[in-house]
Amino acid sequence: MQRAIRKAAAAARRALSAAAARASSAPPRGGHLAPGWGATTRWLCSGREALSYDVVIVGAGPAGLAAAIRLKQLCRAADADLSVCVLEKGSEVGAHVLSGNVFEPRALDELIPNWRQEDSPIRVPVSSDKFWLLTKNQAWTLPSPFDNKGNYVISLSQLVRWMGTKAEELGVEVYPGFAASEILYDENQIVTGVATNDVGIAKDGTKRETFQPGVELRGRITLFAEGCRGSLSEKIIRNHKLRERGQGQHQTYALGIKEVWEIEEGKHKPGSVIHTVGWPLDTKTYGGSFLYHLDDRQLAIGLVVALNYRNPFLSPYDEFQKFKQHPAVRELLEGGTAIQYGARTLNEGGFQSIPYPVFPGGAIIGCSAGFLNVPKIKGTHTAMKSGMLAAEATFKSLVEGSSMELYWENLKKSWIWEELHKARNYRPAFEYGFIPGMALSALERYIFKGKSPYTLKHGRPDHEATDTANLHVPIQYPKPDGQITFDVPTSLYSYSSLYIVVFQGARSFQVLCICNKKARKSNTNHEHDQPPHLRLRDPTIPEQVNVPLYAGPESRYCPARVYEYVSDEKGDPKLQINAQNCLHCKACDIKDPKQNIEWTVPEGGGGPGYTVM
């Protein structure tokens, strides 16, 4: 797997260099190009290769690819030529994309109106829509607050893979395996693009034989579409005070943990959608679960836990395993096989947390800005629409000389704004607990219908919400059974063994295991010999603060056991970071009580390799 990822990244790098080599070698001055310029320019800058495009998009998710496609559509309609490049840190498009996903096609209908006549991976319309309130042993059916008529059960990783091919058909250059690690500025502090990280650097900082310097990708406009808690997007938001210039409130997050199963034919109901609330979460913790029937006997099952939970002993991963033991859920899974596992954080701040999305030199789109509709449990359609709006503003800026402020103006006039404004009070209602939250949500939906005269505020930021350990009792989670529930290593890696039989005479033989191969359910993989991408701002905080005050919560909130406390030579706990397990979910960057963990990008191509998520 490691070799395959390296080969894929190397192939992408060769393609990127070849594309650049076909272009002119004269560097632009000041990072700006004349209107209408559409060819890639290549030169050397500070010892590393530099390439110029009209538009650089960071992230090949639904927002980034929708923006790229819309830009090229506008170019064709106006007979203009703008060069567009999309960078993706995953080993391939879709490799880092995880979502439920019940897909609302509203934005896709606008972007590619004839998608139903094409070979798209959107094949399973919602056939039933149920809402359960769970207790430990019962599932009570409630009126469904979701309106999923006309929606589809999909794999978002497959959808963006298809969108990637559509973008390339229009002339977009899509390059997976490249991790944007640095924001580039000109002398006036205008963003002029991004740089990818160097590859082939050893843990000790020395250059390995495979060393290759990073590449600068300069754009007249740069769009950040990194998804929830994007590392560069967060820097842009912070440095330009975009949160304060927007709706003003901090972002709040949740962690979604998901598996895809192949279940028995008799239990499979394509298009069946079930959402649940209640058990196994306590009444002070916001969250819920989902069961979505796809095609080919596949079932998407997951648990979403808001990261403003208070109990430091809570483990979202173990709560998910516990959820699968519910009688109504276990019955569905028995006889089936878990084929993929993953996790990802999602924005839940909604309307109150929308940042001002424009900065000098570009804009932030999709989940990097945070347009998820919490009561709908959907964000793909809003992410795509934001990318399309940003593309239209970008086109007018480059071709007609207008301002990127048009993106912000049109965003406020769009159905995104209307939709999120109506949904604004659902998530903060649960700050008061489960029962008050359900009551206020019912009031919002059935009485006010999104037109309430007040706007609720979010509580404390997620990292501040964590109580000290002395206020809670440790949670004893049941041991996994290996059939329905699993420990973390099994979820990340399953093992297949190759045996040979050695005969010793006519009646004697010995069975030898000669190969114990890891087959990854998450397909997560990182080059081991590279600098750590998970960095501690203060290396003393885990042992001096997190353990005595919070009982080492990083060992529980991470769904991949990246953070593990081991005993040192004196028998004292010491934090060990298993970065190779990282699923790029970003929970650590959000939930650490002292904000001591900084998530940065590893070498391009590393991380999970989702195919059906």
Would you say the side chain of [Y] lies within less than 4.5 Å of the side chain of [X], judging by non-hydrogen atoms?
X	Y	value
Ile57	Leu87	no
Asn197	Val601	yes
Lys378	Asn148	yes
Tyr185	Pro360	no
Leu456	Arg424	no
Gln352	Lys457	no
Tyr253	Glu348	no
Arg245	His240	no

Please report the closest heavy-atom contact between [X] and [Y], naming both atoms and the distance.
X	Y	value
Tyr309	Ala306	CD2-O, 3.3 Å
Gly100	Lys258	O-NZ, 2.9 Å
Val93	Arg161	O-NE, 3.1 Å
Leu232	Ala180	CD1-O, 3.6 Å
Val86	Ala68	CG2-CB, 3.8 Å
Tyr557	Cys588	CE1-CA, 3.5 Å

Is any side-chain N of the basic residue among [X] and [Y] closer than 4.0 Å to the acidic one's carboxylate O?
X	Y	value
Lys586	Glu598	no
Lys166	Glu169	yes
Arg116	Asp109	yes

Nearest 0.5 Å please: distance from the [atom1] atom of [X] over to the [atom2] atom of [Y].
X	Y	atom1	atom2	result
Ser155	Leu159	OG	CG	8.0 Å
Ser233	Glu226	OG	CD	3.5 Å
Arg460	His463	CZ	NE2	10.0 Å
Lys412	Ile354	NZ	CD1	10.5 Å
Asn373	Ile416	CG	CD1	11.0 Å
Ile590	Thr345	CD1	OG1	4.0 Å

Only counting residues at least two apart or in another chain, list the ones meeting ring-ring contact (aromatic ring centres under 6.0 Å, His included) with Trp115.
-> Tyr152
Can you find a side-chain donor-acceptor pair between [X] and [Y] that sits under 3.5 Å?
X	Y	answer
Asn151	Arg106	no
Asn523	Thr611	no
Thr192	Asp186	no
Tyr53	Arg218	no

I'd like to know whether the aromatic ring centres of [X] and [Y] sit less than 6.0 Å apart in this structure.
X	Y	value
His584	His526	yes
Trp415	His381	yes
Phe146	His275	yes

Are the side chain of [X] and the backbone of [Y] linked by a donor-acceptor contact shorter than 3.5 Å?
X	Y	value
Glu603	Gly200	yes
Glu88	Gly90	yes
Thr382	Phe371	yes
Thr600	His533	yes
Asn101	Phe103	yes
Arg243	Ser353	yes

Can you list the steps and then say if Ser83 with Glu173 is a side chain to side chain contact (heavy atoms under 4.5 Å, CB included)?
-> CA-CA 8 Å; Ser83 56; Glu173 296 180 28; 5.7 Å; no
Ring geometry between His421 and Phe351 (parallel below 30°, tilted from 30 to 60°, perpendicular above 60°) =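 Rings of Phe351 and His421: perpendicular, as their planes differ by over 60°.
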Relative to each other, are the rings of Tyr175 and Phe178 parallel, tilted or perpendicular (30° and 60° limits)?
-> perpendicular
Could you walk me through whether Leu583 and Tyr610 pass the side chain to side chain contact (heavy atoms under 4.5 Å, CB included) test, one step at a time?
-> CA-CA 10 Å; Leu583 293 172; Tyr610 301 136; 3.9 Å; yes
Before giving the answer on side chain to side chain contact (heavy atoms under 4.5 Å, CB included), spell out for Leu74 and Leu82 the whole-Å C-alpha distance, their side-chain angles and the decisive distance to 0.1 Å.
-> CA-CA 10 Å; Leu74 292 168; Leu82 296 177; over 6 Å; no
Show every donor-acceptor pair shorter than 3.5 Å between a side-chain atom in residues 385-401 and any protein atom, with sequence neighbours excluded, or say none if there are none.
{"unit_1": "Lys385", "atom_1": "NZ", "unit_2": "Glu110", "atom_2": "OE1", "d": "2.8"}
{"unit_1": "Ser386", "atom_1": "OG", "unit_2": "Gly366", "atom_2": "N", "d": "2.9"}
{"unit_1": "Ser386", "atom_1": "OG", "unit_2": "Ala383", "atom_2": "O", "d": "2.7"}
{"unit_1": "Glu392", "atom_1": "OE2", "unit_2": "Arg70", "atom_2": "NE", "d": "3.1"}
{"unit_1": "Thr394", "atom_1": "OG1", "unit_2": "Ala390", "atom_2": "O", "d": "2.8"}
{"unit_1": "Ser397", "atom_1": "OG", "unit_2": "Ser402", "atom_2": "O", "d": "3.3"}

Residue pair Lys422, Glu444: steps toward the salt bridge (Lys or Arg N to Asp or Glu O under 4.0 Å) verdict | CA-CA 9 Å; Lys422 286 182 178 180; Glu444 282 287 326; over 6 Å; no
Walk me through it: do Arg535 and Asp589 pass the test salt bridge (Lys or Arg N to Asp or Glu O under 4.0 Å)?
-> CA-CA 10 Å; Arg535 301 171 184 172; Asp589 198 73; over 6 Å; no
Asp119 CG: over 12 foreign heavy atoms closer than 6.0 Å |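 12 or below, so no.
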Stepwise, does the side chain to side chain contact (heavy atoms under 4.5 Å, CB included) test hold for Glu216 with Leu184?
-> CA-CA 8 Å; Glu216 292 188 5; Leu184 302 177; 3.9 Å; yes
So Asp462 and Thr252, side-chain hydrogen bond (donor to acceptor under 3.5 Å, both in side chains) or not? Walk me through it.
-> CA-CA 6 Å; Asp462 296 339; Thr252 185; 2.9 Å; yes
